[in-house]
Trainee: 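Got a structure for you, questions after.
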Amino acid sequence: MEKISMKMVSSNWLEQRIRIAGRMVFLPYYTSSPWGKQEEYFVFFSALPDFSRAWLHTWSPRRECMTAEFELVNWRGIRRELLSELLLWSVLIPERRLMVVPFPGKLFTVSVDTGEAVEVRGGFEPERIMVSGNLSRNGKYLVYGSCRFGAAVQERVGVTVFDAATFAEVGACEFHGFHAAHFQFIGDSEWLLFAHEGKTEGISDRLNRLNWRTGERQVLHRHETAPDGTLLECIGHEMTGGDTVCAVRYPVSRLPGALLTMRTDGSGYAALDCDDYWHCSCNASGTVFAMDTMWWGAAKRRTPGEMDIIRIDSRVGTKEIVKTIHSDSAVQYRHPHPQLNAAGDRLLFIENSDLEPNLASVTLRSMVC
């Protein structure tokens with residue numbers, strides 16, 4: 001396995017901090033871009049701490065202000081654990097200025113201009129929710145997985161591909177006895193990256209791809225094992241951009257924690273950098289990467305709640321700690337989940353509010369050339 005050495009650098013960054021008094025402020029899940037066309041705006045959510053009420057927002061980096069706020073009235077009364085998952089798996093369709101927001105047994109769109117909520121798909125089993133949403137690179141297709149929320153064992157996980165203009169179903173597949181998640185379109189939109197989910201220390205084939213037209217499945221990487229079969233690496237939090245798949249090897253592995261990259265067919269597997277990585281994401285070309293760090297397992301960092309936001313540019317071989325933050329690892333909507341814009345020179349992430357540390361805020365950092 002190839003190992004690459006990175007040069008530490010320090011850049012100038014401008015920061016915009018988004019906080020709303022008395023509310024959690026957070027982004028959709030990092031595998032789907034929150035950016036509108038030409039990066040005129042990005043979307044984010046806020047909610048009361050108990051999630052009894054929630055809002056969809058847009059923010060303009062140019063104007064440095066919130067440009068829209070709409071309460072998600074239809075989602076009132078959904079318990080916090082479920083509602084936070086539904087919002088995290090929302091997907092922006094920039095061309096149509098619509099946010100696709102799951103609902104138990106249904107899919108809605110919400111206009112980022114008017115806040116109007118429209119049911120676009122119904123008839124799913126009410127105890128099942130749509131998760132792991134993603135928009136294809138050409139904007140033509142939308143994918144969602146489906147599962148029973150809160151089930152200890154997922155006996156049946158489905159994946160459905162929709163036409164992003166009409167929301168008509170154009171492809172579907174089921175995984176029986178196999179918990180699949182984190183669906184993302186690869187390249188030509190016929191292949192989906194997906195994760196074999198389960199107990200981290202027991203999964204040896206986390207990274208996979210599925211041809212949603214033919215049903216063909218391929219394992220992209222078999223985790224390294226010792227001669228006696230002991231699993232040496234625990235991998236997760238994958239993303240794809242360009243011809244690249246990135247993932248992290250967690251510091252709970254026998255091998256050092258690392259940012260891993262490979263081509264979309266699984267070839268060219270390399271450890272780009274070794275560190276205490278937790279989540280990773282990449283820019284549109286799969287050449288710039290953003291990570292946060294963890295402090296448990298064999299991690300070098302040992303301060304609970306303290307995390308570094310790190311940017312790596314593989315084109316020039318540089319690594320930078322963009323900011324050291326504090327956040328809560330207990331719930332998904334408090335995870336930093338750093339995510340890059342298409343060019344890789346802007347970073348969005350979630351951190352504790354500097355005004356109310358028990359609440360979350362969103363930070364935008366933009367590189368100064």
Side-chain angles (χ1 to χ4, degrees), residues 28-34 43 56 72 74-75 78 82-83 85-112 116-151 154-197 207-218 220 238-240 264:
Y29 202 67
Y30 68 92
T31 50
S32 286
S33 175
V43 293
L56 171 66
L72 298 169
N74 294 38
W75 286 260
I78 299 177
L82 175 53
L83 179 55
E85 287 290 314
L86 297 175
L87 299 183
L88 283 170
W89 292 121
S90 300
V91 175
L92 177 67
I93 304 179
E95 292 290 335
R96 303 182 63 194
R97 299 179 66 87
L98 293 175
M99 196 73 174
V100 182
V101 185
F103 189 92
K106 302 175 183 179
L107 278 179
F108 280 78
T109 59
V110 179
S111 167
V112 301
E116 180 185 15
V118 177
E119 181 182 330
V120 292
R121 290 290 301 190
F124 306 120
E125 299 170 44
E127 70 276 9
R128 297 178 75 80
I129 63 168
M130 307 303 278
V131 297
S132 301
N134 189 248
L135 186 69
S136 65
R137 296 180 195 177
N138 58 16
K140 292 183 178 180
Y141 301 110
L142 176 73
V143 64
Y144 266 102
S146 65
C147 64
R148 285 196 303 127
F149 178 73
Q154 292 294 346
E155 77 291 349
R156 182 165 62 89
V157 174
V159 59
T160 305
V161 178
F162 303 97
D163 183 300
T166 65
F167 297 99
E169 182 180 313
V170 294
C173 178
E174 284 197 355
F175 298 81
H176 293 278
F178 185 100
H179 189 185
H182 289 193
F183 299 102
Q184 300 168 57
F185 286 97
I186 296 175
D188 62 8
S189 297
E190 294 191 348
W191 286 98
L192 294 170
L193 176 70
F194 73 90
H196 179 182
E197 286 269 29
L207 303 175
N208 302 263
R209 68 177 184 173
L210 163 75
N211 188 308
W212 60 267
R213 293 191 185 275
T214 67
E216 180 185 359
R217 299 183 203 172
Q218 298 176 359
L220 295 183
E238 53 290 312
M239 188 173 173
T240 181
T264 54

Trainee: For W75 and F103, take the angle between the two ring planes, folded into 0 to 90°, and tell me which bin it lands in: parallel under 30, tilted 30 to 60, perpendicular over 60.
Mentor: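 Taking F103 first and then W75, their aromatic rings stand perpendicular (interplane angle over 60°).
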Trainee: Calculate, to the nearest 0.5 Å, the distance between atoms CH2 and CZ belonging to W212 and F185 respectively.
Mentor: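 Result: 6.5 Å between the selected atoms.
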Trainee: Just wondering, do L56 and V101 contact through their side chains at under 4.5 Å, heavy atoms?
Mentor: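 Not in contact.
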Trainee: Taking Q184 for its side chain and T240 for its backbone only, find out whether a donor-acceptor pair lies under 3.5 Å.
Mentor: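 Looks like yes, one N/O pair under 3.5 Å.
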Trainee: Are S136 and L142 side-chain neighbours, meaning at least one heavy-atom pair lies under 4.5 Å?
Mentor: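 No, their side chains stay 4.5 Å or more apart.
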Trainee: Does the R217 side chain pair with the main chain of N208, one donor and one acceptor, at a distance under 3.5 Å?
Mentor: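 No, R217 side chain to N208 backbone: no donor-acceptor pair under 3.5 Å.
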Trainee: Enter the distance from E216:CD to N211:CG here, rounded to the nearest 0.5 Å.
Mentor: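 Separation between the atoms: 6.5 Å.
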Trainee: To check you understand the geometry: which heavy-atom pair defines the closest contact between I78 and L83, and what is its length?
Mentor: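 In terms of heavy atoms, the two residues are closest at CG2-N, 3.7 Å.
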Trainee: Roughly how far, to the nearest 0.5 Å, is CG of N134 from CH2 of W89?
Mentor: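 Output value for this atom pair is 9.5 Å.
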Trainee: Side chains of Y144 and L107, heavy atoms from C-beta outward: is any pair under 4.5 Å?
Mentor: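 They are in contact (side-chain heavy atoms under 4.5 Å apart), so the answer is yes.
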Trainee: So which heavy atom on P104 is nearest to which on I129, and how close?
Mentor: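 P104 and I129 have their closest heavy atoms at CA-CG2, 4.3 Å.
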Trainee: Looking at S32 and G133, would you say the former's side chain and the latter's main chain have a donor-acceptor pair under 3.5 Å?
Mentor: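 Side chain of S32 to backbone of G133, a donor-acceptor pair under 3.5 Å: yes, one is there.
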Trainee: For E119, look at atom CD and say whether over 12 heavy atoms of other residues, nucleotides or ligands are found less than 6.0 Å away.
Mentor: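 Counting neighbours around CD of E119, more than 12 heavy atoms of other residues, nucleotides or ligands fall under 6.0 Å, so yes.
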Trainee: Can you see which heavy atom on L98 is nearest to which on S111, and at what distance?
Mentor: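 Residues L98 and S111, closest heavy atoms: CD2-CA, 3.8 Å.
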Trainee: Checking R128 side chain against S146 main chain: does a donor-acceptor pair fall under 3.5 Å?
Mentor: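 Present.
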Trainee: Is there a side-chain contact between L135 and S33 (heavy atoms, below 4.5 Å)?
Mentor: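 When only atoms from C-beta onward are counted, S33 and L135 do not touch, as no gap falls below 4.5 Å.
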Trainee: Enumerate donor-acceptor pairs with a distance under 3.5 Å from any side-chain N or O in residues 161-175 to protein atoms, sequence neighbours excluded.
Mentor:
unit_1	atom_1	unit_2	atom_2	d
D163	OD1	A165	N	2.7
D163	OD1	T166	N	3.1
T166	OG1	A168	N	3.2
E174	OE1	H176	NE2	3.3
E174	OE2	R156	NH1	2.9

Trainee: Where do A117 and V110 come nearest, in terms of heavy atoms and distance?
Mentor: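 Of all heavy-atom pairs spanning A117 and V110, the closest is CB-CG2, 4.2 Å.
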Trainee: So which heavy atom on A195 is nearest to which on E238, and how close?
Mentor: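 In terms of heavy atoms, the two residues are closest at CB-OE2, 3.4 Å.
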Trainee: With side chains defined as the heavy atoms from C-beta onward, is the minimum distance between V100 and V120 less than 4.5 Å?
Mentor: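 They are not in side-chain contact.
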Trainee: At what distance, to the nearest 0.5 angstrom, does CZ of F149 lie from CG of L82?
Mentor: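 Reported value, rounded in 0.5 Å steps: 5.0 Å.
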Trainee: Rounded to the nearest 0.5 Å, how far apart are CG of L207 and OG1 of T264?
Mentor: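 The OG1 atom of T264 is 12.5 Å from CG of L207, to the nearest 0.5 Å.
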Trainee: Can you measure from CG (L92) to CE (M99) and round to the nearest 0.5 angstrom?
Mentor: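 Rounded to the nearest 0.5 Å, the CG-CE separation comes out at 6.0 Å.
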